[in-house]
Number of protein chains: 4
Amino acid sequence: MAKRTGEKYEAIINAAVRVIAEHGYHNAQVSKIAREAKVADGTIYLYFENKDDVLISLFNEKMGAFIRQVEEVIKGISSPADQLRELIRLHFKSMEENRHLAIVTQIELRQSNPGVRRAIGEILKKYLNLIDRIISAGMEQRIFRNDLDVRITRKMIFGAIDEMVTSWIMKDCKYSLVDQVEPIVSLFLHGIKSR
Amino acid sequence: MAKRTGEKYEAIINAAVRVIAEHGYHNAQVSKIAREAKVADGTIYLYFENKDDVLISLFNEKMGAFIRQVEEVIKGISSPADQLRELIRLHFKSMEENRHLAIVTQIELRQSNPGVRRAIGEILKKYLNLIDRIISAGMEQRIFRNDLDVRITRKMIFGAIDEMVTSWIMKDCKYSLVDQVEPIVSLFLHGIKSR
Amino acid sequence: MAKRTGEKYEAIINAAVRVIAEHGYHNAQVSKIAREAKVADGTIYLYFENKDDVLISLFNEKMGAFIRQVEEVIKGISSPADQLRELIRLHFKSMEENRHLAIVTQIELRQSNPGVRRAIGEILKKYLNLIDRIISAGMEQRIFRNDLDVRITRKMIFGAIDEMVTSWIMKDCKYSLVDQVEPIVSLFLHGIKSR
Amino acid sequence: MAKRTGEKYEAIINAAVRVIAEHGYHNAQVSKIAREAKVADGTIYLYFENKDDVLISLFNEKMGAFIRQVEEVIKGISSPADQLRELIRLHFKSMEENRHLAIVTQIELRQSNPGVRRAIGEILKKYLNLIDRIISAGMEQRIFRNDLDVRITRKMIFGAIDEMVTSWIMKDCKYSLVDQVEPIVSLFLHGIKSR
DNA sequence: TATGAATGAGAGTTCATTCAT
DNA sequence: GATGAATGAACTCTCATTCAT
């Protein structure tokens, strides 16, 4: 029934990003999103099943585009260490370039109801798998330690990236995220222990 | 007005943990918590300002106790590397020993409204500072690299720990968290790059 | 404005009967009727004033045809008792022959809003008058008691017929209605008292 | 959860009767009923599951009381013919004595959604069974014809009564219903055929 | 202290109808 | 004539908090 495509579909998703970023998840009523998208309340239901579907689609569209972009870039890089560096750089860069979206995906959407969060988790898996592949490649190429547990390593990397972004938003994006790529990558690659 | 102490105060907090863990944040109504605590709805308001205060107090009491425990243990350890190892071990151990609380603090309370999350962030600072102190000590003792940015390093460590626990809960606590301490510490100390 | 005639006019009415019978009055949206009739939603408004008009027209067309049929048949019967028998038989027969229509007129349309029900009442009057005429004729021919109140008698007869049909539908049309004509007529004519 | 008893329970039911009778089923919003009952909207949900439950309870309470009354009176009458007469008289009398209720049960509640109507049908069964028992008793006592089909006879009687009341309401209760008891009973007992 | 009945504000969703094409 | 995308008004129910007892 829901159309899930077209000019208004995108307008509604972008309106949702703006409204949620500015008013917070708990103040992002359907009517407010509709007004921001310059459509009638009911129009939203021509393009989405329900409000949850708007939020899930939002995450899916934006995260999907991001993951495709990262995959594309990674493909052209041979060294897994450089791939990891580039993944983190793109992650931070994309957050910096769309702060509204950063607020929505990092902070606000995490307050959503179980259904939405479950769907978001599913979508994220593609990203986590991408990190897994980089780690595995690094191990195969003997660039990374051969005693790594891929899952644990990936969780550490993702957790660290995620926390960096969340902290940055909580500090009102006052500093540069991308500037922190190098120290982070260095820590991941060499650890914190002095030689 | 709020008493903030006494037998029922604790009963209400523990009831809140159970109710939120079992029914989820969005189904943890004041009346349900009151019933679980075997008090009347109104009684909750003799001990707490409002529902948010219950949640914040919950986090404060439980996290406060945990932080005091960690500080106590750390004090008796001289090596910052061992301190870090012990902090992570205690973190994981305490989560494993109280899964209800783990679910509440890791998953459910993060869906709460901005006021609660801000307060939780404040309480967490004490924990983050503790990690900061370990890192600083490690740098001073020349055990850790001298080019570390304490804040960045701490965010990485905390983010990684946090993600490990969240993943573990999302997988229904099916594996041992404490078993993952060593690989994690190893990664932090030596990085993932092969020598 | 409304055309009230033509191929699509009939298609829409018949689609309405099917949709209402299958989905119930409360799930018979204009768009569903349009789809069933294979026309666009807006097309319905070229042939009918509004949704109520569809329902009223439906009843008018179908009930009108039925009344004309009964009048035609009755005309050829001289005995008012036989006329009554035939009226009931035709009523039951027509219901049995078009169960969708039976469901719609007996059950579903009675849930409609006041405007529609008023209009339906008006249309029904022609049928009630027909019964009145049979009773009056019977009294004039001294076949029926001369102390009958025509109105009361007619209401009893109509109410009884109506209830028989409703019951039959509520029991999923599992038994034969026409088989019940004789007992009913017998009861009307002779009463339930033993001699 | 729903209390289903007490002063306010009755106040809400009686308010529902008044609001539905005066404004019609489709204009009887919960908030209107609450205002009429002088309680808050939410209070209704302390005594009833939902709006449907209010309507079903209304019918159950009122019809239940009526059926009990009829059963009580019938018990003291030996002749099934007199029992039938008294049942109809009580039916008409109770309708005349509470016209609001008559409008609600005869007209408005029949527009309600399937769930409510099903529940109403269930409640009505007790009344229909009562009529069945009178007919059966009459047959056993050889006062009624021994070739009666109880079900058919009951449907005729109920259908006739029901139609009399509906007609009376549609004519704005302008005439006396109770005055029609005798002709109706006479018709049922002796039929309409002259001797 | 403790109770718990009562409060009432607030939002997602449906669907008959319109009108530009 | 025909289309179907767009409109927007309208309503039930939840639940944190209060306050008379």
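Per chain, numbering begins at 1; letters A, B, ... match sequence-line order.
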Contact check, side chains of B/Leu55 and B/Ile20, non-hydrogen atoms, under 4.5 Å: yes

Contacts of C/Ala40 and A/Val39 projected onto DNA chain F by closest heavy atom; the upstream (5') one is C/Ala40

Kindly write out the residues that satisfy ring pair (Phe, Tyr, Trp, His ring centres under 6.0 Å) with C/Phe66, not counting sequence neighbours, or none if the list is empty. C/His91, C/Tyr127

Between B/Lys3 and E/dT1, does any side-chain N or O lie under 4.0 Å from OP1 or OP2? yes

Between E/dA11 (P) and A/Tyr25 (OH): distance, integer Å: 13 Å

Shorter than 3.5 Å, N or O on both sides, protein versus nucleotides 15-18 of chain E: list them out with atom names.
residue: E/dC15; atom: OP1; partner: C/Gln29; partner atom: NE2; Å: 2.9
residue: E/dC15; atom: OP2; partner: C/Gln29; partner atom: NE2; Å: 3.2
residue: E/dA16; atom: OP1; partner: C/Lys51; partner atom: NZ; Å: 2.9
residue: E/dA16; atom: OP2; partner: C/Val30; partner atom: N; Å: 2.8
residue: E/dT17; atom: OP2; partner: C/Tyr45; partner atom: OH; Å: 3.0
residue: E/dT17; atom: OP2; partner: C/Lys51; partner atom: N; Å: 2.8

Rounded interatomic separation in angstrom, taking CZ from B/Arg35 and P from E/dT3: 14 Å

Let me have DNA chain E in dot-bracket notation, would you? Count Watson-Crick plus G-U wobble pairs, both distances under 3.5 Å, and use [ ] for pairs crossing earlier ones and | for inter-strand partners. .||||||||||||||||||||

Is any side-chain heavy atom of D/Phe59 closer than 4.5 Å to a side-chain heavy atom of D/Leu124? yes

Contact class for C/Lys8 (heavy atom, under 4.0 Å): base, sugar-phosphate, or nothing? sugar-phosphate

Heavy atoms under 4.0 Å, any strand shown: does A/Phe48 hit a base, just sugar-phosphate, or nothing? nothing

State, yes or no, whether a side-chain contact exists between A/Glu49 and A/Arg4 at a heavy-atom distance under 4.5 Å. yes

Would you indicate whether B/Arg118, at its atom CZ, is surrounded by more than 12 heavy atoms from other residues, nucleotides or ligands within a distance under 6.0 Å? no

Residues that B/Glu61 engages under salt bridge (charged side-chain N to carboxylate O under 4.0 Å, His left out), provided they are two or more places apart: none

Whole angstrom is fine here: how far is it from CG in D/Leu55 over to P in F/dT12? 10 Å

Pairs under 3.5 angstrom only: tabulate donor-acceptor contacts from the side chains of residues 102-109 of chain D to other protein residues two or more places apart or in another chain.
residue: D/Thr105; atom: OG1; partner: D/Leu101; partner atom: O; Å: 3.0
residue: D/Gln106; atom: OE1; partner: D/Thr166; partner atom: OG1; Å: 2.8
residue: D/Gln106; atom: NE2; partner: D/Asp162; partner atom: OD1; Å: 3.3
residue: D/Glu108; atom: OE1; partner: D/Tyr25; partner atom: N; Å: 2.9
residue: D/Glu108; atom: OE1; partner: D/Gln111; partner atom: NE2; Å: 2.9

How would you list, by chain and number, every residue that makes a ring pair (Phe, Tyr, Trp, His ring centres under 6.0 Å) with A/Phe48, sequence neighbours excluded? A/Tyr9

